Amino acid sequence: MRKIKLIVAGLMMILTLVVAGCSSMMASYDPNAPIGKQTHDTITGIEPGSGEMQVLENKVMKDYGLNHWNLESGSEATMTASLDDAIRNRAPIIITGWTPHWIFQKYNLKYLKDPKGAFGAEEAIHTIVHKGFTDEAPNAAKLLDQFYWTPVDIERVMLDIQNGSEPGEAARKWIAANADKVSEWTKGVHKVNGKKITLGYVAWSSEVASTNVVAAILGDLGYKVNLELLAAGPMWAGVAQGSIDAIVSAWLPTTQAVYFMQFKDQLTDLGPNLKGTKMGLAVPSYVKINSIDDLAK
Ligand code: PBE
């Protein structure tokens, strides 16, 4: 028994040393050296199926001649973990950022300027339903159509979740505090008795927030809501095929254009539910570069 304890203690010590070694190995940012050299020409990205990664690969990296850069895929969770790590070590990092996102509240970050407008003009988050849904389920469609909020609203829910609330709980809290808005969305919508509805979403914090708020409202109206967590491609295919009734997380017209164009004949766009999004490469404010152009050098 004692022997095992000693072995465990020894292993723990080795692990601690390895972890400590790793973090101190992360070199801190040198403002006088090129950022590419310090990041191994790496942009810390997210899910390969996301619109942002597609826009980066197909447009931004081409427009700015960034072919020597590696776009590293991962997920929102791996990207935010790498960002946190870098900032703790004051190390250089370039991430795929977007707004609304809690990272801009938690850290001092800046978007790199995009003088070529490669990330596209302003866009919005749209509500999309399966074609035919508005005729089959006009009541639910009315609520979905009337759902419209602001970056301040969504950020409140996102931050609450980030601070440890369960998404459903954060949604209910927001709903309780914003009865006026909710009553606008539910105007003319009547209660039902257990009718089923399926909402699809991707595990991005903005989509988790919005989808949970809409799901909670539908639940209060008597719907039996099924939430399906998927990757972006399968989510769009699902709403096109009808296995998913609706999504409230379609970034258009640029970000998820590839999916929208592929499936648009099987979809109905109910229009924006939020305006004022942004997408781009972002860096901690201590990183000296200011423009995507600076990456080409
Ligand atoms: N995002 C967040 C998504 C949309 C929401 C910017 C990572 C994307 O498709 O890229």
Side-chain angles (χ1 to χ4, degrees), residues 43-61 71-83 93-106 109 111-112 114 117-128 147 149-151 153-155 157-159 161-162 167 199-214 227-240 244 246-264 267 269 271-282 292:
I43 295 168
T44 304
I46 53 165
E47 291 85 349
S50 67
E52 182 155 14
M53 293 288 272
Q54 291 168 1
V55 172
L56 259 162
E57 238 182 293
N58 302 331
K59 185 96 173 77
V60 180
M61 296 181 72
L71 181 55
E72 190 180 76
S73 41
S75 65
E76 179 184 353
T78 61
M79 180 273 280
T80 55
S82 302
L83 177 66
I93 188 167
I94 303 164
I95 60 154
T96 50
W98 65 92
T99 308
H101 204 294
W102 52 262
I103 51 174
F104 291 95
Q105 272 130 342
K106 183 159 181 191
L109 303 173
Y111 276 111
L112 295 182
D114 174 15
F119 272 105
E122 222 176 74
E123 61 175 1
I125 307 180
H126 289 230
T127 301
I128 304 272
F147 167 56
W149 61 351
T150 65
D153 294 323
I154 195 172
E155 271 164 10
V157 183
M158 290 167 73
L159 210 58
I161 297 170
Q162 175 56 22
L199 304 178
Y201 71 112
V202 182
W204 292 315
S205 42
S206 43
E207 322 337 277
V208 171
S210 55
T211 309
N212 272 276
V213 165
V214 171
L227 288 185
E228 270 199 39
L229 180 60
L230 297 154
M235 176 186 79
W236 278 92
V239 70
I244 288 166
I247 59 174
V248 293
S249 48
W251 286 48
L252 294 170
T254 312
T255 308
Q256 293 168 356
V258 170
Y259 297 121
F260 184 70
M261 294 322 265
Q262 186 182 348
F263 297 118
K264 66 177 188 312
L267 304 169
D269 180 2
N273 61 54
L274 182 142
K275 286 181 186 161
T277 62
K278 189 176 164 65
M279 225 174 42
L281 296 178
I292 304 174

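Atoms within a ligand are numbered from 1 in the order they appear, just like the ligands themselves. This is a predicted model, so every value here is computed, not measured.
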Inset, instruction - Kindly assign one of parallel, tilted or perpendicular to the pair Phe260 and Trp236, based on the angle between their ring planes and the thresholds 30° and 60°. - result: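 Perpendicular.
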Legend entry - Qualifying residues under side-chain contact (heavy atoms from CB on, under 4.5 Å), relative to Glu123, sequence neighbours excluded: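 Here the qualifying residues are Trp251, Pro253, Thr254, Thr255, Thr277.
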Starting from the N and O atoms of ligand 1, find every protein N or O within less than 3.5 Å and list the pair with its distance.
unit_1   : atom_1 : unit_2 : atom_2 : d
ligand 1 : 9 (O)  : Gly51  : N      : 2.8
ligand 1 : 9 (O)  : Gln256 : NE2    : 2.8
ligand 1 : 10 (O) : Gly51  : N      : 3.2
ligand 1 : 10 (O) : Glu52  : N      : 2.8

Legend entry - Validation row: Tyr201, Ser210 side chains within 4.5 angstrom (heavy atoms):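 Tyr201 vs Ser210: side chains apart.
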Inset, instruction - For residues 50-59, pull every pair meeting salt bridge (Lys or Arg N to Asp or Glu O under 4.0 Å), keeping only residues two or more places apart or in separate chains. - result: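 Passing the test, one end in residues 50-59: Lys59-Asp63.
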Inset, instruction - Mind checking the CD1-OG1 spacing from Ile46 to Thr96? Nearest 0.5 Å is all I need. - result: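 Separation between the atoms: 4.5 Å.
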Inset, instruction - List for me each residue that meets side-chain hydrogen bond (donor to acceptor under 3.5 Å, both in side chains) alongside Asn273, sequence neighbours excluded, and say none if there are none. - result: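 For Asn273, the residues satisfying side-chain hydrogen bond (donor to acceptor under 3.5 Å, both in side chains) (neighbours in sequence not counted) are Thr127.
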